[in-house]
Amino acid sequence: MLDLRILREHPDEAKQKLARMKVTPGEIDHLLELDVQVRRCKTEAETLRAQMNAASKELAKAQPEERDAKRLALRSMGDSIKKLDDERQDSEESLNQILLTLPNFPDDRVPEGSSDADNQQIRAGGVLREFSFTCRPHWELGKSLGIIDFDRGIKISGSRFYVLQGAGAALQRALIAFMLDMHTVQHGYTEIYPPFMVKQECLTGTGQLPKFADNLYHDAEEDYWLVPTAEVPVTNLHRDEILEKAMLPLHYVAYTPCFRRERMSAGKDVRGIKRGHQFDKVEMVRICSPETSDAELESLTANAESVCTALGLAWRTMLVCTGEKGDFNAIQYDIEVFAPAAKGDEGGEWLEVSSCSNFRDFQARRAGIRYRPAAGAKPELVHTLNGSGLALPRVMIAILENYQNEDGSVTIPEPLRPYMHGKTRLEPQK
RNA sequence: GGAGAGAUGGCUGAGUGGUCGAAAGCGGCUGACUGCUAAUCAGUUGUAGUGUCCUCUAAAGACGCUACCGCGGGUUCGAAUCCCGCUCUCUCCGCCA
């Protein structure tokens, strides 16, 4: 959520910045009109209420015979106040609705653009593997290795679900453990095991609600929402808290499954395990003071890149353009790894395995996360950041396709072997 | 799932219709005393919004007003206090990995 005060005091500047995120000036004007109404109703009601409070005190001291007349006068005053309050509430609700869906100001560095063709590559690592044979897509490998069961996934849960079995399930578990260890031991993160279901306020806090309700699963009877990413429970750990400056920055890492409806992507990426309703992810979350958040984003992104490097994958980091980035972050880096057969006969594809973003104070304002810059000083909003470190299915795709051998086996990347009892290869099933 | 108890300021805890933004204690801050520390004494100490004054402006400050006693409604001229709904916590019983 943007600071209403900034919109009010610098409307032209705000309009300019938000125009890059496809917000029309008219929307801002409408919002500011509502704001004027809210504040007018508020001051009028407060003035009346002050009069009423004073008169009410006099009533207590008044002679008995005067009381009824005074009481009647006060009652009508009360009615006018109620009217003003109702009016204010209506305007306030509309205003909040708009404010909660309005995008964040994009950072000046974010390139203009409407598709991923407009993203800018800013870094890359690893080497693209040259194949001496025709490489096969992961869904074929998954079947022949006996580690991904698509048919039974569909049988028990429907489309966009799959079952990992045997070494496939173990490989995923190995990846999770490997990533968590890397971030905790080498990068100093604190590991969190959060609930996978959260209350509505958490999703409002990080921004998924109300705008992206479409993409979420929730319980019909109770206020439980399945997390679409660990960003939600972990960022909300400190909702409505005032943190001491000495506690910052906070670096958290958490493994969770993620649940998404993917209604927006109907028909897209239906082949294989690239886009399911349920997937696993190791997520990094940082909470820091404002002046450090730019640097925090760089090191967060570097942490995610180092996982790709450790796994021996070819990766590239993209600065995501205005049209493709999340609405609520100020700046976003996507890290992609290359999967040589992910498009089947059409060849390879760069797969997004991580998205690292700085939200500045946007989530902090929604979620009420503040810190005290100095002892006794007024609390100020923190900055929040998060980034995948990494998303599992796509890493699995990249490993299967990049590490495949001509005989149909797949070599297990070295750093994962200790997590798989020393196993070095996945062998095709007879 | 059943029964009961509770939710008040940073913490403990009093408060059953106006004199309550709220006693008292603890903690915090300031000062005095004191070789130092500790102790003692005195004063002070919630948050947010908004107005006026001061000022070139801003900050800071001064003086007001409004809201906030788990959350949301209601009764009343007036609610921490009465009524209704909800949430959460604790205790006991049942069930369970």
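All values below come from the heavy atoms of this structure, side chains included, with hydrogens, waters and symmetry mates left out. All chains are named by letter (A, B, ...) in the order of the sequence lines, taking the proteins before the strands, and each is independently numbered beginning at 1.
- Here the P atom of nucleotide G72(B) and the CD atom of E201(A) are 12 Å apart, to the nearest Å.
- Seen from the ring of F161(A), R152(A) does not count as a face-on cation partner, given the 6.0 Å and 45° thresholds.
- Relative to the side chain of L59(A), the nucleotides U19(B), C77(B), U50(B) differ in distance, and C77(B) lies closest.
- Distances from the side chain of K57(A) to the nucleotides U19(B), A67(B), C77(B) place U19(B) closest.
- In this structure, the CG atom of D3(A) is 14 Å from the C1' atom of G49(B), given to the nearest Å.
- Checked against the 6.0 Å centroid threshold, F328(A) and F362(A) count as a close aromatic pair.
- Using atom P as the reference point in both A7(B) and A80(B), the two lie 16 Å apart (nearest Å).
- Between the CG atom of D240(A) and the C1' atom of C88(B) there is a distance of 15 Å, given to the nearest Å.
- The side-chain tip of K245(A) does not point at the ring of Y371(A) from less than 6.0 angstrom away and within 45° of straight on.
- A straight line from CG of D85(A) to P of G72(B) spans 14 Å, rounded to a whole angstrom.
- Contacts of R40(A) with the nucleic acid, taken as non-hydrogen atoms under 4.0 Å apart, are absent.
- Closest to the A50(A) side chain, of the nucleotides C77(B), U66(B), U19(B), is U66(B).
- Per the geometry, CG belonging to N53(A) stands 15 Å off P belonging to C77(B), to the nearest Å.
- Using atom P as the reference point in both G21(B) and C68(B), the two lie 11 Å apart (nearest Å).
- Only the P atoms considered, G72(B) is 23 Å distant from C90(B), to the nearest whole Å.
- Residues satisfying the salt bridge (charged side-chain N to carboxylate O under 4.0 Å, His left out) test with R67(A), not counting sequence neighbours, are none.
- Nucleotide G4(B) forms a Watson-Crick or G-U wobble pair with C90(B), both donor-acceptor distances falling under 3.5 Å.
- Proximity note for L74(A) (side chain, C-beta onward) versus C77(B), U66(B), G73(B): the nearest is C77(B).
- Judged by atom type and distance alone, S56(A) reaches the base of G18(B) through a side-chain donor-acceptor pair under 3.5 Å.
- Contact check, R5(A) against U50(B): a side-chain N or O comes under 4.0 Å of OP1 or OP2.
- Among the heavy atoms of the strands lying under 4.0 Å from R75(A) are primed sugar atoms or P, OP1, OP2 only; no base atom is included.
- Between the CG atom of D223(A) and the P atom of G72(B) there is a distance of 16 Å, given to the nearest Å.
- Classified by interplanar angle (parallel below 30°, tilted 30° to 60°, perpendicular above 60°), the ring pair Y189(A)/H187(A) is perpendicular.
- Look at the P atom in both A48(B) and A59(B): the space between them is 15 Å, to the nearest Å.
- Distance CD (E46(A)) to C1' (G64(B)): 12 Å, rounded to an integer number of Å.
- When each of Q51(A) and R67(A) is assigned the nucleotide of RNA chain B bearing its nearest heavy atom, the one mapping closer to the 5' terminus is R67(A).
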